[in-house]
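Below you'll find the structure, written out as structure tokens, and then a few comments.
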Amino acid sequence: MAAMLKLEETGEVFTLLDFNLIGRSQDATIRLLDTGVSRQHATIRRDGKQFWLTDLGSANGTFVNEVAISAARALRHKDLVQFGTTVFLFDHEESDATRELTLGTSTQVIQTVAMPVKTVKATLLVGDLRDFTAISAQLTAEEVAAMLREWYADCEAILKPRGAVIDKFIGDGVFAYWPSSDAEVRAKAVEAAKLMSGPPVTPSPTRRWLQQNLGITVTCHVGLNVGSVALGAMGRGVSTAVGEAVNVTFRIETLTRKLSKQVLASAGFVQGCKGLEGSFQPMGVHQLKGQPDPVEVYSVVLPEG
């Protein structure tokens, strides 16, 4: 069954594609003529059987069941999704973990069993598109959607062959991890970070157009870290990695702007890297927002040019 958004007020139906841009712009996938909706308000992206909703830094926020979302959110059947004053019902019965199978006159209910949560020491990577807000302000909604689609595909092409698990895409960001912290895995994370932070070897059509017509090169900042995380099902149909180490990784990525470096790694990450001498430069100890203790960080030396 196709997934769709149904307008609560009128019952109008919008069938969801694999990638959907919601906003006031005339070329948004789902255009909303609502003054409380931004031009490029949010995205809904399909990943397997799940549909993930992400706010794109909209002025008035995006809400699910009357609660504002601050990160990517997996939608569930019958969720109420609100952009501005416009409210939709998310309709996708296949996404519901509880199934009712009618057999003759009786109904059998089948419930999925959540996978147990386990704690492992993992290698963590957070990437975020550089100057996304400034770039998107110069583009149409259709061009923003094309740029994000291509960047998501690039992330998958870089991370998955190197053994990373892509936990989620968060608008213009990505969070991935390796369920190990050995030296070989850290080397793969460094390699992935270098590729993500530089221009693609073969630019995609949208980014080639951006470079040729607007002089814009789409790259990203990356934060690397290691630490203990809980892996497992954190909600119906949603599996993710959580823990303080994840929060620290996001803060390290944010620090790249302050230090004008594209890739930063925690001292804990660097200390376990063997055979990568000369790949890191010390950047001092910094207090990260929301963290009680300061963190020592290193920049990753990138290829010149």
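- Two residues are said to be in side-chain contact when any heavy atoms from C-beta on lie closer than 4.5 Å; V64 and L80 fail this criterion.
- When the side chains of ILVMFWY residues are joined at heavy-atom separations under 4.5 Å, either directly or via intervening members, I135 and V174 end up in a single hydrophobic cluster.
- Partners of F14 by ring-ring contact (aromatic ring centres under 6.0 Å, His included), not counting sequence neighbours, listed by chain and number: F88.
- Residues satisfying the side chain to side chain donor-acceptor pair (under 3.5 Å) test with Q271, not counting sequence neighbours, are none.
- At least one donor-acceptor pair closer than 3.5 Å links the side chain of N60 to the backbone N or O of G36.
- Judged by distance alone, with hydrogens and angles left aside, the side-chain atoms of Q82 form a donor-acceptor pair with the main-chain N or O of G84 at under 3.5 Å.
- Atoms CD and CG, from E143 and L210 in turn, are 7.0 Å apart once rounded to the nearest 0.5 Å.
- For the residue pair T62 and D55, a side-chain donor N or O sits within less than 3.5 Å of a side-chain acceptor on the partner.
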Test log, rule side chain to side chain contact (heavy atoms under 4.5 Å, CB included), inputs R162 and E191: CA-CA 9 Å; R162 290 167 178 80; E191 183 180 14; 3.3 Å; yes
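- A 4.5 Å side-chain heavy-atom check between K78 and N65 finds every atom pair outside the cut-off.
- Both W178 and V270 sit in one connected hydrophobic cluster of ILVMFWY residues. Membership requires side-chain heavy atoms under 4.5 Å apart, directly or through other members.
- V229 and A122 get closest at one heavy-atom pair: CG2-CB, 3.8 Å.
- Under a hydrophobic clustering in which Ile, Leu, Val, Met, Phe, Trp and Tyr are joined whenever their side-chain heavy atoms come within less than 4.5 Å, directly or via other members, L159 and L129 fall into the same cluster.
- Counting only residues at least two apart or on different chains, the ring pair (Phe, Tyr, Trp, His ring centres under 6.0 Å) pairs with a member in residues 241-263 are F175-F250.
- Using a 4.0 Å cut-off between charged nitrogen and carboxylate oxygen, E156 and R45 count as a salt-bridge pair.
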Working for ring pair (Phe, Tyr, Trp, His ring centres under 6.0 Å), residues H77 and F90: CA-CA 6 Å; H77 181 51; F90 177 68; 7.6 Å; no
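- Applying the ring pair (Phe, Tyr, Trp, His ring centres under 6.0 Å) test to residues at least two apart or on different chains, none of the pairs has a partner in residues 258-296.
- Considering only residues two or more places apart in sequence or on other chains, E296 meets the side chain to side chain donor-acceptor pair (under 3.5 Å) condition with Y298.
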Steps toward side chain to side chain contact (heavy atoms under 4.5 Å, CB included) verdict (V81, L75): CA-CA 9 Å; V81 184; L75 294 174; 3.9 Å; yes
Criterion side chain to side chain contact (heavy atoms under 4.5 Å, CB included) on Y177 and D167, from CA distance to verdict: CA-CA 7 Å; Y177 65 86; D167 189 290; 3.6 Å; yes
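- Side-chain heavy atoms closer than 4.5 Å link hydrophobic residues (I, L, V, M, F, W, Y) into clusters, and following such links, even through other members, never connects L259 to M196.
- Taking a cutoff of 4.0 Å between a charged side-chain nitrogen and a carboxylate oxygen, D128 and R257 qualify as a salt bridge.
- Put simply, the side chain of R186 gets close to the backbone of S181: a donor and an acceptor are under 3.5 Å apart.
- In this structure a side-chain-to-backbone donor-acceptor pair under 3.5 Å is present from D182 to V185.
- The distance from atom CH2 of W52 to atom CZ of F169, rounded to the nearest 0.5 Å, is 11.5 Å.
- At least one donor-acceptor pair closer than 3.5 Å links the side chain of S279 to the backbone N or O of L276.
- No side-chain heavy atom of T254 sits less than 4.5 Å from a side-chain heavy atom of K289.
- Contact check for I22 versus T43: no side-chain heavy atoms found under the 4.5 Å cut-off.
- Residues L288 and I252 meet the side-chain proximity criterion, which asks for heavy atoms closer than 4.5 Å.
- Evaluation of the side chain to side chain donor-acceptor pair (under 3.5 Å) rule for Q291 yields E244 as partners, not counting sequence neighbours.
- Although no hydrogens or angles enter the test, the distance criterion places a donor-acceptor pair under 3.5 Å between the side chain of R46 and the main chain of G48.
- Residues Q50 and A74 come closest through the heavy atom pair OE1-CB, 3.5 Å.
- Using modelled atom types, one finds no donor on one side chain facing an acceptor on the other under 3.5 Å when comparing H221 with S197.
- From T85, atom OG1 reaches atom CG of D34 across 3.5 Å, with rounding to the nearest 0.5 Å.
- When atom types are taken as modelled, the side chain of N20 and the backbone of L17 share a donor-acceptor pair closer than 3.5 angstrom.
- Under the 3.5 Å distance criterion, the side-chain polar atoms of T29 are matched with a main-chain donor or acceptor of L21.
- When side chains are defined from C-beta on, L5 does not count as touching D91, because their heavy atoms never get closer than 4.5 Å.
- For the atom pair OG1 of T256 and CE of M283, the computed distance is 10.5 Å after rounding to the nearest 0.5 Å.
- In this structure, CG on N225 lies 11.5 Å from CG on L264, to the nearest 0.5 angstrom.
- Heavy atoms of other residues, nucleotides or ligands lying less than 6.0 angstrom from NZ of K6 number 12 at most.
- A donor-acceptor contact shorter than 3.5 Å is absent between the side chain of R251 and the backbone of N247.
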Steps toward side chain to side chain contact (heavy atoms under 4.5 Å, CB included) verdict (V222, E253): CA-CA 5 Å; V222 179; E253 187 280 319; 5.8 Å; no
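- Looking at Q262 and L302, their side chains come closer than 4.5 Å, going by heavy atoms from C-beta outward.
- With contacts defined as side-chain heavy-atom distances shorter than 4.5 Å, the pair R24/Q40 does not qualify.
- For the atom pair L125 CG and T249 OG1, the distance stands at 8.5 Å (nearest 0.5 Å).
- Using a 4.5 Å cut-off between side-chain heavy atoms of Ile, Leu, Val, Met, Phe, Trp and Tyr, with links allowed through other members, V301 and L224 fall into different hydrophobic clusters.
- Distance alone, capped at 3.5 Å, places no donor-acceptor pair between the D172 side chain and the F132 backbone.
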